[in-house]
Participant: 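Take a look at this one; I'll ask things after.
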Amino acid sequence: MSDSNNLIYPTDKGLYCQAADVYVDPWGKVERAIITHAHSDHARWGSQNYLCAEPGEKVLRYRLQNAPNVESMPYGKTIERNGVKISLHPAGHILGSAQARFEYKGEVWVVSGDYKLNPDPTCALFEPVKCDTFITESTFGLPIYKWPEHEELFEDINSWWYKNKSEGRNSLILCYALGKAQRILAGLDTSIGPVYTHGAVEVLTEIYRQSGLNLPATIKIQAGVKLEPGSIILAPPSVQNSPWQRKLQPVSVAFASGWMQVRGIRRRRSFDKGFILSDHCDWNSLLTAVKESEASQVLVTHGYADVFSRYLQTEMGIASSILSTHFAGESVMEQEEVLEEVSEVIEETE
Amino acid sequence: MMEEFARLFKAVDETTKTSQKVSALVQYFANCDARDAAWAVYFLTGRKIRQLVPSQKLRAALRVKTGIPQWLFDEAYEVVGDLAETIALLADNATNQNAQTPPSRSSLSLTCWVEDRLLGLKKLDELEQQSKLIEYWDELNITEKFIFTKLITGNFRVGASQQLVVKALSQLTGVSEDSITHRLAGEWSPTCDFYRALIHQDTKDSDKSRPYPFYLAYPLEVDYDQYSKQENFFDWSIEWKWDGIRSQLIARDGESFLWSRGGELISSGFPEIMEASKYLPDGTVLDGEILAWANGDAMPFQFLQKRITRKSVTKKMLAEIPGALMAYDLLEWQGVDIRSEPFSQRRKLLEKLIDTIKMENPNSVLMVSPIVPADSWQDLLSKREDSRKLKVEGLMLKRASSAYGVGRRKGDWWKWKIDPYLVDAVLIAAQPGHGRRASLYTDYTFGVWQNEDLIPVAKAYSGLDDSEIRKVDAFVRKNTLGRFGPVRTVKPELVFELAFEGIQASSRHKSGIAMRFPRIARWRMDKPASEADRLETLQNLANS
């Protein structure tokens with residue numbers, strides 16, 4: 001599907017809309033880039049002009065090391081370039097995450113970036129956008145993935161914290177520093193105790209606050225800060241088994257990720273607890289998003305692309321193929337994803 | 001209740017800390033009735049019920065329930081790496097989508113689930129079985145679905161070992177761990193009565209078939225030079241380490257029983273040993289090694305393996321691969337448990353006993369493991385070199401004054417194996433592992449050179465640490481040459497040093513050889529594939 005007759009197609013620099021001369025989440029250096037969200041595999045440094053959705057501007061600026069050329073526009077606003085109408089719509093992934101809609105000569109394409117349908121108090125709810133061609137990710141594109149309900153999940157997290165506290169332990173949740181940490185923070189029952197953060201989490205949490213989000217108070221762990229017993233700590237996965245983690249003893253360690261759905265993966269990484277929490281779609285959400293887009297063609301990127309695409313074709317009768325991008329390798333396995341997260345966090349902490 | 005059992009499973013499964021596992025177990029057993037407790041002990045200690053519904057039929061039932069096509073199931077299975085878990089996840093996803101009422105936790109007892117429902121499946125025809133399976137899945141939450149399906153497939157293994165269960169029951173009841181371990185050994189049915197007897201305060205047990213818990217040796221990990229200086233040679237009793245099946249032969253009340261260390265009754269597999277046991281006086285328990293033994297010499301383990309894999313033993317097999325018991329300890333004598341007597345004492349009695357039997361019955365297949373004729377640590381070192389010739393695995397060092405303990409303990413019994421054979425082989429194919437290693441390429445096939453070709457010689461699963469496993473996994477994904485089902489052939493590039501215990505000529509293998517216990521010793525990052533070993537080298541070894 002790298003046909004240059006398509007409205008959007010991949011080049012060696014990224015997903016390209018030739019008619020508008022715009023890239024979406026380019027992996028090479030380009031003149032004009034639309035960024036769906038600020039995670040490192042989508043927002044890369046080095047392009048000349050960046051455009052993102054308004055709520056995510058501060059986060060993106062931070063991630064691009066204060067690049068001066070970042071602009072934003074509100075969700076739903078339409079701009080026009082060379083006759084192509086471009087607008088951004090909530091993707092529900094993290095603060096400011098967007099689907100990019102392109103309309104040209106009556107044909108509509110939507111690049112959804114990363115997205116989820118589950119409610120998340122730290123970002124706008126995913127908005128279904130009707131289109132002819134829908135480009136979707138497939139990180140969790142297998143029917144084994146089903147996310148628990150928000151209430152059930154946070155009841156689980158809070159009671160785990162409470163139990164640890166009553167048994168004299170701290171609670172450490174390892175989670176992605178951008179998006180997931182803030183989503184967890186928003187759901188914590190802070191009547192149990194104070195919330196501490198790793199520096200990588202704290203800086204992004206502060207940017208979320210500056211962007212207008214009302215999040216519970218956090219205390220950054222640094223020299224001179226003494227942990228109150230029974231506290232909860234949010235930190236990136238890279239701290240697992242590090243000297244930094246050892247300072248939190250006695251501590252119970254949980255990992256929050258969609259990959260925790262599979263028992264073997266949870267056991268292999270020997271966490272005390274796994275919370276099934278993802279900012280991506282589970283299987284049913286992917287199917288719902290595809291249906292609601294009413295697209296006649298679905299292009300599938302990173303994740304279980306071959307599986308999901310085949311399912312759309314053979315079981316749902318929707319024209320579909322795999323779109324090869326740099327958002328992930330040929331098959332995303334848990335360890336690669338975690339490594340990716342880790343390398344990003346190391347970047348951040350350095 | 002099934003609900004509580006599922007909660008226990010979760011608690012034990014989720015933590016890596018022994019103390020938390022034990023306290024979850026204590027809490028469970030404290031609040032559960034004897035029938036459920038018996039089943040819980042049964043499953044948690046790794047006992048199985050024979051697979052009730054074949055995997056294919058389970059898959060079919062799931063297909064009917066979810067409408068998920070076969071190819072999609074296979075994709076999911078490859079990622080999850082466990083059949084029961086794959087089924088539970090897929091069934092659960094389908095449940096909440098369609099059902100009006102989400103499944104609540106099941107308040108039926110574990111016993112009812114196992115005895116009425118699970119065992120009941122066996123009597124049903126295929127269609128009834130299918131509809132019952134679907135009905136049951138719908139009643140259970142995801143953890144319970146997993147447990148139920150896992151029990152059906154007959155391999156329910158959780159993060160609780162028998163040792164932890166014993167610890168918990170001992171904590172709860174005050175009965176010693178040894179007594180509980182003893183009562184768990186051997187054959188029993190998970191009934192109310194069994195559980196009551198298991199935790200009964202009066203520890204004089206009557207079951208005559210029951211073996212003692214095996215005492216296991218630790219590998220000698222100390223520096224031999226230093227060890228030989230600090231230990232007086234004559235405080236030790238030294239035997240060969242036989243390569244057979246560790247077992248106990250029990251004679252009580254006119255009956256005999258032969259137990260393997262795995263807790264299986266294997267009497268029927270070794271009629272010649274059972275015949276010999278008739279000469280044992282009542283109240284005798286021998287500990288030893290079953291060997292394939294012909295013309296005064298041990299046969300390689302592979303022969304013995306042929307015997308144990310067969311259901312029934314033919315006359316021909318008895319003649320070609322005769323079994324014998326190489327006894328090395330006496331645990332019970334004249335009906336008295338003498339495990340706390342010093343080893344030297346027990347050994348004396350054992351020698352006398354076997355001598356007497358030999359006089360009555362010169363053809364007896366009961367032997368005493370001989371003492372290695374050495375008179376110093378230095379001398380022993382050279383005797384150890386004879387191990388391969390004698391087809392033994394090395395030496396056993398037993399402190400003459402030691403009691404017969406329980407489980408694996410350091411200090412009194414050491415096994416000192418000879419160094420394994422080594423070969424440098426090239427990784428040529430890989431497939432994903434199961435369980436903890438699901439979705440990682442961890443099961444490898446290795447080849448060595450014959451002219452310009454790499455001939456597969458061994459499969460190995462262990463020996464790498466987690467970070468190495470991840471590196472090899474990444475290599476496999478990037479260097480796949482072909483796919484055959486779950487197996488990927490890879491570019492021949494990575495070289496590993498394989499260790500193995502023995503090698504035999506074999507007509508069943510393309511390479512013409514079969515290795516015993518191959519495993520990865522280390523990753524030879526320094527070697528290019530071209531410098532891996534050649535098949536001729538291995539063939540010569542097998543023929544020598």
Side-chain angles (χ1 to χ4, degrees), chain A residues 140-149 152 156 160 163-164 167 169 241 250-255 259-276 282-285 287-288 303-304 306-308 310-312 314-316 329-339, chain B residues 9-11 13-17 19-20 23 62 66-69 71-82 84-97 102 142-143 146 150 158-159 432-442 466-467 469-471 473-474 477-478 480:
Chain A
F140 294 103
L142 277 174
I144 54 173
Y145 296 108
K146 186 185 84 172
W147 308 150
E149 297 295 327
E152 185 192 331
D156 205 13
W160 171 75
K163 181 166 181 278
N164 287 336
E167 289 168 8
R169 280 189 305 273
N241 300 328
V251 65
S252 184
V253 184
F255 188 43
W259 302 113
M260 293 296 101
Q261 184 102 63
V262 174
R263 178 168 172 254
I265 292 173
R266 198 177 65 234
R267 287 163 63 79
R268 184 161 68 233
R269 295 185 52 94
S270 56
F271 303 109
D272 298 313
K273 182 93 183 166
F275 294 114
I276 304 167
D282 63 9
W283 174 258
N284 285 327
S285 294
L287 292 176
T288 304
Y304 296 107
D306 47 352
V307 175
F308 190 57
R310 180 171 170 190
Y311 188 84
L312 293 179
T314 61
E315 305 299 316
M316 299 186 65
E330 52 125 9
S331 64
V332 181
M333 301 309 277
E334 145 261 359
Q335 53 278 15
E336 289 168 27
E337 163 103 349
V338 170
L339 286 177
Chain B
F9 164 77
K10 264 190 106 162
D13 189 55
E14 281 181 353
T15 182
T16 50
K17 297 187 178 74
S19 60
Q20 285 183 30
S23 80
L62 183 84
T66 63
I68 286 172
W71 67 268
L72 187 55
F73 181 92
D74 292 341
E75 294 280 357
Y77 180 45
E78 202 189 314
V79 170
V80 176
D82 180 279
E85 190 186 353
T86 311
I87 288 175
L89 286 166
L90 294 175
D92 197 61
N93 207 351
T95 306
N96 282 17
Q97 213 179 348
I142 175 124
T143 311
F146 170 65
K150 200 87 181 140
V158 292
H434 287 81
R436 210 174 75 87
R437 289 167 159 195
S439 78
L440 275 178
Y441 283 87
T442 55
D466 281 0
S467 99
I469 286 176
R470 260 178 265 189
K471 280 184 204 149
D473 177 75
R477 287 169 201 283
K478 283 196 204 94
T480 301

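Chain A is the first sequence line, chain B the second, and so forth, proteins listed ahead of strands; every chain is numbered from 1.
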Participant: Test side chain to side chain contact (heavy atoms under 4.5 Å, CB included) on B:Val79 and A:Tyr145; report intermediate values, then the result.
Facilitator: CA-CA 11 Å; B:Val79 170; A:Tyr145 296 108; 3.9 Å; yes

Participant: Could you go step by step and tell me if B:Glu85 and A:Val262 meet the side chain to side chain contact (heavy atoms under 4.5 Å, CB included) rule?
Facilitator: CA-CA 8 Å; B:Glu85 190 186 353; A:Val262 174; 4.0 Å; yes

Participant: Counting only heavy atoms closer than 4.5 Å, note whether B:Lys10 contacts chain A via side chain, backbone, both or neither.
Facilitator: neither

Participant: Relative to chain B, which segment of A:Phe271 carries a heavy atom at a distance below 4.5 Å: side chain, backbone, both, or neither?
Facilitator: backbone

Participant: Do you know which two heavy atoms are closest between A:Lys146 and B:Asp92, and how far apart they sit?
Facilitator: NZ-OD2, 2.9 Å

Participant: Within this structure, what is the CG-OG1 distance for the pair B:Leu72 and A:Thr314, rounded to the nearest 0.5 Å?
Facilitator: 8.5 Å

Participant: Name the region of B:Glu14, side chain, backbone, both or neither, that has any atom closer than 4.5 Å to a heavy atom of chain A.
Facilitator: both

Participant: Is it the backbone or the side chain of A:Leu142 that comes under 4.5 Å from a heavy atom of chain B, or both, or neither?
Facilitator: side chain

Participant: Please check if the side chain of B:Asn93 supplies one atom and the backbone of A:Pro143 the other of a donor-acceptor pair under 3.5 Å.
Facilitator: yes

Participant: Taking only residues two or more places apart in sequence or in another chain, which ones pass side chain to side chain donor-acceptor pair (under 3.5 Å) with B:Gln20?
Facilitator: B:Thr15

Participant: Count the heavy-atom pairs under 4.5 Å between each of B:Ala76, B:Pro69, B:Gly67 and chain A, then report the option with the highest count.
Facilitator: B:Pro69

Participant: Select one option (side chain, backbone, both, neither) describing which atoms of B:Phe73 are under 4.5 Å from chain A's heavy atoms.
Facilitator: neither

Participant: Mind running side chain to side chain contact (heavy atoms under 4.5 Å, CB included) on B:Glu75 and A:Tyr304 for me, showing each step along the way?
Facilitator: CA-CA 9 Å; B:Glu75 294 280 357; A:Tyr304 296 107; 6.0 Å; no

Participant: Quick one: closest heavy-atom pair of B:Trp71 and A:Tyr311, and the distance?
Facilitator: CH2-N, 3.6 Å

Participant: Roughly how far apart are A:Trp283 CH2 and B:Leu89 CG, rounded to 0.5 Å?
Facilitator: 13.5 Å

Participant: Identify which part of A:Glu315 has an atom lying under 4.5 Å from any heavy atom of chain B, answering side chain, backbone, both or neither.
Facilitator: side chain

Participant: Using 4.0 Å as the upper bound for N to carboxylate O, is an ion pair formed by B:Asp82 and A:Arg263?
Facilitator: no

Participant: If you count heavy atoms of other groups shown closer than 6.0 angstrom to CD of A:Glu167, is the number above 12?
Facilitator: yes

